[in-house]
Engineer: 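Below is the structure I would like to discuss, written out as structure tokens.
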Amino acid sequence: MAPNFITEIIERDLASGKYAGVVTRFPPEPNGYLHLGHTFASFLDFQTAVQYGGRYHLRLDDTNPEGESQEFAEGIMADLRWMGWDWGDGLFYASDNFERYYGYAEQLIRQGDAYVDSVSGDEMARLRGDAHTPGTPSEYRERGVDENLDLFRRMRAGDFADGAHVLRGRIDLGSANMKLRDPVLYRIKRAWHYRAGDAWCIYPMYDFQHPLQDAIEGVTHSMCSLEFVDNRAIYDWLMERLAFAPRPHQYEFGRRSLEYTIVSKRKLRQLVAGGHVTGWDDPRMPTLRAQQRLGVTPEAVRAFASQIGVSRTNRTVDIAVYENAVRDDLNHRAPRVMAVLDPVRVTLENLEEARTLQIPYWPHDVIEASSDGLVALPGGERVAPEQAVRDVPLTRELFIEREDFSADPPRGYKRLTPGGTVRLRGAGIIRADDFETDDSGNVTHVHATLLEDGARAGGVIHWASAAHAIPAEFRLYDRLFRVANPEGQNPDDIAPEFDPEQPGHAELSEDSGPLDTGFLRYLNPGSLRVTRGFVEGSVANDPPDTRYQFERQGYFWRDPVDSRGDAPVYGRIITLKDAWAQTQKAESGKPKGEGKKQKAETTPVAVSGAQPVLTPGQEAEVTRLTDLGASEGDARTVARDETLLTFLADAAPGDTFAQVASWTVNDLATLLRAGEVKVRAADLAPLAGLLAFGKVTSRVARDALARAAASGEAPAALIEREGLNSGLDEAELGRIVAEVLEKHPAEVEAYQSGKTALLGFFTGQIMRATKGKAEPGRVSGVLKAALDAD
RNA sequence: AGGGAUAUGGUGUAAUGGCAGCACAACAGAUUUUGGAUCUGUUUGUCCAGGUUCGAAUCCUGGUAUCCCUGCCA
């Protein structure tokens, strides 16, 4: 986990002793399967705890019986364990604590912090008001404690129908934060809970239950996504009213979505239910179980999760980052073998007798990168590179890839052509002497000659012996959607031409309603291509979960569901990068271009220089302040802000006023509004005087101002006490400059070889070394002289 | 419209007043018995307008854009 704003908070909390250790939790609701979107959140929760030597919990957040099940709970656990997580005894079910939540609810009632409301849902929504109008109390808001307690107990006892009453927090109906307008804490809902059965007919709401559960578990840092920012106010209110100490705190991070992927549970369900995929584990799905079946390893998923950063903005990650993580993992894991996916027969006319070749499993670069000098056999055993080979028969009858022979090759084609040569991987060079085609012109047979050593060829192709290779089905997966953002509008999208051979297309057109099925129209009709071909015989004895690189094709493994011993099915985990396809596409690509979006186009020109309109009273203040010497801009800012106005009221009039006003606006405004400024404006005049007379640099003055604001000490006294007005003579400055240069020889060299931007770096170092006492004007002169002299 | 959050290359993320860096992508070259991998290099960026400062991605003011909130879901 790279450093981020949450690790920063944790380090501060640990350093200050706020918590003895870190405790986090990942709280999925067991009403669906985990998908790639969850890996980010779970990784953040778990890995952060690991990183700080803390604990992480898995919490099944099962407070809404609808849709939740043990099957989902177990699926979630299995997927997380597959990812390599071990929460030890840190497994919690929210439903195990229903009784405790209930107790806290009664406590809130007794404290007058919660009440039973008895209006309908519609009425409650109406009374809540909207963004412009504050909420109005329902007629039940002022019920007494005893009545509330009685009603709430009877709610639990099942005396009332669903929806007849709710328990609400009594917070603030007028709050601009809608979440605070007396949120519902409990509702009556007669539903069978997969763990609690029918023990309860009231269930707690997220806003009530989640903070309590965090506190009960002893969680310290409770991470959730950005849409819960407003809910934090309830979280803090609850912690305060129920006096938890030490208490957990909620921090929000931005979600990460992935290009070409949807993660909405409802839409995923539509894909399964509509038969657009074969199930939740269809290798094209973004669910973890699907990625698992695809053959992606947990290490790759974790690498991906660690590579996408953490921030407070919702972002969409480039699919290439995921693909890179998958390839990078497989490159060092998957032995190389050969398979022909779309075969064309080749006869080596001059090969009389079959040969057995020993071809290495690994390319030279993977061998060289091995840390112990050994490499793995498909079974996992690590052996010397020369032993990491398999037997491959070279026979008179072979198969090669249909794409690897061309009677009419495009420019730059490096494979087999009539009369041309190519190297058969590991077997030597052949020349195509002749070829046959069928009625439609498809090549059916190539007649070739195996050439002597010393022959030359421009390219290398893979192959398989017709007599020994194993027939197999290949499933070539591609992105499920044709567009990066299937849930968006995609006005530039061009629907693919109708192709009756592609399953899914017909359903797609009859199924596409105007509403939520819109994303279905972006389904990629070619997301699954099935071919029949041959894989070299050596794979027969390998473990069934071996991931291979089929050379020049991509990474594959045996489909764990559909593959049979006598009918193997190989699924493509991911393609190899294909520079040739790139150039091909570029050649044929119309100059239409992608139309890079220009920022200037998307951002309308801002109306600049617009000044907010001031009231006559504020205008009068502006005049008064400018008369006192303040700049127009500062005056306008101050006049509009009561806090700044009040602060500035006791500033001394005179020459120093303008400076004090400027500091007020530019340096103190934010602190002032937060009520964190301890110094008085009256104490600022002497500081401004020191600055005006050149006794201190502006840097020293601002530092002193900041410290004074925090401590309340008069800044001028502070400067006096620390001798910051002592000035800096030429000799001392020269000495410090020399010291700084000596400490940073690499930077000096870089500067002298032309990187003049480093002047700012040196200036900063010198300012720091002199505590700001050096005058920047002099520094630059001395510095340049010293650097040039060196 | 009220409240809240956010804004750095194509994408994601660093820089906490002092060198705009890293990863992925793209492009070029080297290398290569995988058009893979590897290595080297290159292109592209601080939302806009003002202000403070010797110096601003960072501080101040104003604006713009995007997202979230008005479930008895989580």
Side-chain angles (χ1 to χ4, degrees), chain A residues 2-4 27 29 31 61 63-64 66 121 124-125 128-133 162-163 166 175-179 181 184 186-189 205-206 210 226-231 252 254 256 259 307-318 320-321 324 327 331 336 363-366 368-369 412 414 423 425-426 457 459-462 549 551-553 576-583 596-597 599 602-612 631 633-634 636-637 662-663 665-667 669-670 698-699 702 747 750 755 757-765 767-768 775-777 779-780:
Chain A
N4 57 69
E29 184 185 10
N31 67 349
D61 223 2
T63 56
N64 178 9
E66 277 185 354
M124 195 189 304
R128 186 155 29 226
D130 59 28
H132 314 282
T133 46
D162 286 12
V166 292
S175 175
N177 178 355
M178 303 295 292
K179 295 280 184 202
R181 320 254 260 224
V184 173
Y186 263 95
R187 70 223 200 252
I188 305 174
K189 191 185 198 82
M205 305 291 293
Y206 169 88
H210 203 94
L226 232 32
E227 66 263 30
F228 292 99
V229 172
D230 294 338
N231 304 60
E252 309 86 17
R256 292 294 173 271
E259 286 179 345
Q307 278 160 22
I308 55 183
V310 186
S311 71
R312 274 178 69 82
T313 319
N314 293 326
R315 300 286 205 181
T316 300
V317 175
D318 194 329
V321 178
N324 174 259
R327 286 194 186 103
N331 182 34
R336 318 289 135 118
H364 65 93
D365 49 273
V366 172
E368 282 153 20
K414 299 203 305 195
R423 179 181 293 277
R425 177 68 156 158
V460 185
I461 64 173
H462 57 276
Q549 184 193 109
E551 291 214 45
R552 304 205 307 129
Q553 289 290 357
L576 256 25
K577 276 215 228 167
D578 193 346
W580 170 243
Q582 293 265 30
T583 55
K596 275 192 189 171
K597 56 176 177 191
K599 236 172 201 159
T602 56
T603 313
V605 179
V607 184
S608 59
Q611 294 275 11
S631 75
D634 289 346
R636 292 183 72 88
T637 302
S662 168
W663 280 332
V665 169
N666 289 300
D667 295 84
T670 304
S698 64
R699 172 63 167 263
R702 289 162 81 104
E747 283 80 3
K755 192 163 179 180
L758 283 167
L759 204 58
F761 166 76
F762 290 120
T763 309
Q765 293 298 317
M767 296 305 286
R768 192 161 303 154
E775 295 163 48
V779 170
S780 110

Engineer: Figure out the CG/C1' separation between A:Asn31 and B:C73, and round it to whole Å.
Structural biologist: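 After rounding, the reported distance stands at 9 Å.
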Engineer: Heavy-atom nearest nucleotide on RNA chain B for A:Asp318 versus A:Tyr206: which residue maps closer to 5'?
Structural biologist: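 The residue whose closest nucleotide sits nearer the 5' end is A:Asp318.
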Engineer: Rounded to whole angstrom, note down the C1' distance from B:U34 over to B:G41.
Structural biologist: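 Result for the C1' pair: 24 Å, nearest Å.
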Engineer: Nearest of B:C73, B:A56, B:C54 to any side-chain atom of A:Arg699?
Structural biologist: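 Closest of the options to the side chain of A:Arg699: B:C54.
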Engineer: Scan nucleotides 26-38 of chain B nucleotide by nucleotide, 5' to 3', and note B when protein non-hydrogen atoms come under 4.0 Å of the base, S if they reach only the sugar-phosphate, - if neither.
Structural biologist: S-----SBBBBB-
Engineer: Under 4.0 Å between any heavy atoms, over every strand shown, what does A:Asp230 touch: base, sugar-phosphate, or nothing? Just pick one.
Structural biologist: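 Result for A:Asp230 = base.
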Engineer: Please report the distance, rounded to the nearest Å, between CD in A:Glu252 and P in B:U6.
Structural biologist: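 Checked: the CD to P distance equals 9 Å.
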Engineer: For A:Val321, report the nucleic acid contact type (base, sugar-phosphate, nothing); a contact means any heavy atom under 4.0 Å.
Structural biologist: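 Contact class for A:Val321: sugar-phosphate only.
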Engineer: Can you tell me how far P of B:A74 sits from CE of A:Met205, to the nearest Å?
Structural biologist: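 Those two atoms, CE and P, are 5 Å apart.
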Engineer: By the 4.0 Å heavy-atom rule, please label A:Gly777 as base, sugar-phosphate, or nothing.
Structural biologist: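 Counting heavy atoms under 4.0 Å across all strands, no contact is made by A:Gly777.
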Engineer: I would like to know whether A:Met124 and A:Val166 meet side-chain contact (heavy atoms from CB on, under 4.5 Å); could you show each step before the answer?
Structural biologist: CA-CA 10 Å; A:Met124 195 189 304; A:Val166 292; 3.5 Å; yes
Engineer: Under 4.0 Å between any heavy atoms, over every strand shown, what does A:Thr670 touch: base, sugar-phosphate, or nothing? Just pick one.
Structural biologist: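 Sugar-phosphate contact only.
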Engineer: If we take the P atom in both B:A26 and B:U33, what is their distance in whole Å?
Structural biologist: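 Roughly 24 Å separates the two P atoms.
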Engineer: For B:C73, does OP1 or OP2 lie under 4.0 Å from any side-chain N or O of A:Arg187?
Structural biologist: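 Yes, within the criterion.
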Engineer: Can you tell me how far P of B:U66 sits from CD of A:Glu227, to the nearest Å?
Structural biologist: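 In whole Å, B:U66 P and A:Glu227 CD are 19 Å from each other.
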Engineer: Pick the P atom in B:C59 and in B:G45, then give their distance to the nearest Å.
Structural biologist: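 Per the computed distance, 23 Å lies between those P atoms.
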Engineer: If I pick the P atom on B:U52 and the same atom on B:C60, what distance separates them, to the nearest angstrom?
Structural biologist: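 One P to the other, the span is 15 Å.
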Engineer: Round to the nearest Å and state the distance from A:Glu775 atom CD to B:U53 atom P.
Structural biologist: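 Interatomic distance, CD of A:Glu775 to P of B:U53: 16 Å.
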Engineer: Do any side-chain nitrogens or oxygens of A:Arg256 fall under 4.0 Å of OP1 or OP2 in B:U13?
Structural biologist: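 Yes, A:Arg256 has a side-chain N/O under 4.0 Å of OP1/OP2 on B:U13.
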Engineer: Please classify the nucleic acid contact of A:Gly163 as base, sugar-phosphate, or nothing, using heavy-atom distances under 4.0 Å.
Structural biologist: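 Answer is base: heavy atoms of A:Gly163 come under 4.0 Å of a base.
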Engineer: Specify the separation, in whole Å, of atom CG of A:Asn314 and atom C1' of B:C67.
Structural biologist: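 Atom-to-atom, A:Asn314 to B:C67, this comes out as 6 Å.
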Engineer: Would you state whether a donor and an acceptor, one from the side chain of A:Lys189 and one from the base of B:C72, lie under 3.5 Å apart?
Structural biologist: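 By the distance-only test, no, there is no pair.
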Engineer: Taking the minimum atom-to-atom distance to the side chain of A:Lys755, which one of B:U53, B:A1, B:C19 wins?
Structural biologist: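 Within the option list, the nearest is B:C19.
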Engineer: For A:Arg181 versus A:Asp130, what's the shortest heavy-atom pair and its separation?
Structural biologist: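 Distance-wise, the nearest heavy atoms are NH2-O, 2.8 Å.
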Engineer: Please determine, for the side chain of A:Ala757, which listed nucleotide (B:U13, B:C54, B:C19) has the closest atom?
Structural biologist: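 So the side chain of A:Ala757 is nearest to B:C19.
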Engineer: Is A:Gly309 touching bases, backbone alone, or none of the nucleic acid, heavy atoms closer than 4.0 Å?
Structural biologist: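 If one applies the 4.0 Å heavy-atom cut-off, A:Gly309 turns out to touch the sugar-phosphate alone, with no base involved.
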Engineer: Base, sugar-phosphate, or nothing: which does A:Ser780 touch, judged by heavy atoms less than 4.0 Å apart?
Structural biologist: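 Nothing: the residue A:Ser780, judged by heavy atoms under 4.0 Å, touches no strand.
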Engineer: I'd like the P distance from B:G9 over to B:C22, given in whole Å.
Structural biologist: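 Approximately 16 Å lies between the P atom of B:C22 and that of B:G9.
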Engineer: Identify which nucleotide among B:C24, B:U70, B:C60 has an atom closest to any side-chain atom of A:Ala669, counting heavy atoms from C-beta outward.
Structural biologist: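 Side chain of A:Ala669 sits closest to B:C60.
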Engineer: Out of B:C60, B:C24, B:U6, which nucleotide sits closest to the side chain of A:Arg312?
Structural biologist: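 Per side-chain heavy atoms of A:Arg312, the pick is B:U6.
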Engineer: Using a 3.5 Å limit for the pairing distances, which stems of at least 3 consecutive Watson-Crick or G-U wobble pairs does RNA chain B take part in?
Structural biologist: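 RNA chain B forms these stems: B:2-7 with B:64-69, B:10-13 with B:21-24, B:26-30 with B:38-42, B:47-51 with B:59-63.
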Engineer: Is the phosphate of B:C60 approached by A:Thr637 (side-chain N or O, under 4.0 Å from OP1 or OP2)?
Structural biologist: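 For B:C60, neither OP1 nor OP2 has a side-chain N or O of A:Thr637 closer than 4.0 Å.
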Engineer: Hey, which sits more toward the 5' end of RNA chain B by its nearest nucleotide, A:Arg315 or A:Ala131?
Structural biologist: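 Here A:Ala131 is the residue nearer the 5' end.
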Engineer: Distance alone, cut at 3.5 Å: any donor-acceptor contact between the side chains of A:Asn64 and A:Glu66?
Structural biologist: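 No - no donor-acceptor pair under 3.5 Å links their side chains.
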Engineer: Report the glycosidic orientation of B:G29: syn if within 90° of 0, anti in every other case.
Structural biologist: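 The base of B:G29 is oriented anti (glycosidic angle more than 90° from 0).
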Engineer: P atom, B:U58 versus B:C47: distance in rounded Å?
Structural biologist: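 Comparing P positions in B:U58 and B:C47 gives a spacing of 8 Å.
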Engineer: So what does A:Thr63 hit on the nucleic acid, given a heavy-atom distance under 4.0 Å: a base, only sugar-phosphate, or nothing?
Structural biologist: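 Result for A:Thr63 = sugar-phosphate.
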Engineer: Contact class for A:Asp130 (heavy atom, under 4.0 Å): base, sugar-phosphate, or nothing?
Structural biologist: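 Here A:Asp130 touches the bases of the nucleic acid.
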Engineer: To the nearest angstrom, how far is A:Met178 atom CE from B:C73 atom C1'?
Structural biologist: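 In whole Å, B:C73 C1' lies 17 Å from A:Met178 CE.
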Engineer: Say we look at B:U42 and B:A15: how far apart would their C1' atoms be, to the nearest angstrom?
Structural biologist: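 Pairwise C1' distance, B:U42 against B:A15, rounds to 23 Å.
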Engineer: Select base, sugar-phosphate, or nothing to describe what A:Phe228 touches, counting heavy atoms under 4.0 Å on all strands.
Structural biologist: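 Base contact.
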Engineer: Using the C1' atom in both, what is the distance from B:G36 to B:A65, to the nearest Å?
Structural biologist: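 Nearest-Å result for B:G36 against B:A65 at atom C1': 42 Å.
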Engineer: How long is the straight-line distance from CG of A:Asp578 back to OG1 of A:Thr583, given to the nearest 0.5 Å?
Structural biologist: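 Spacing of OG1 (A:Thr583) from CG (A:Asp578) equals 8.0 Å.
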Engineer: A:Arg128 has an atom CZ; how far is it from atom C1' of B:G71, in whole Å?
Structural biologist: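 It is 8 Å, rounded to the nearest whole Å.
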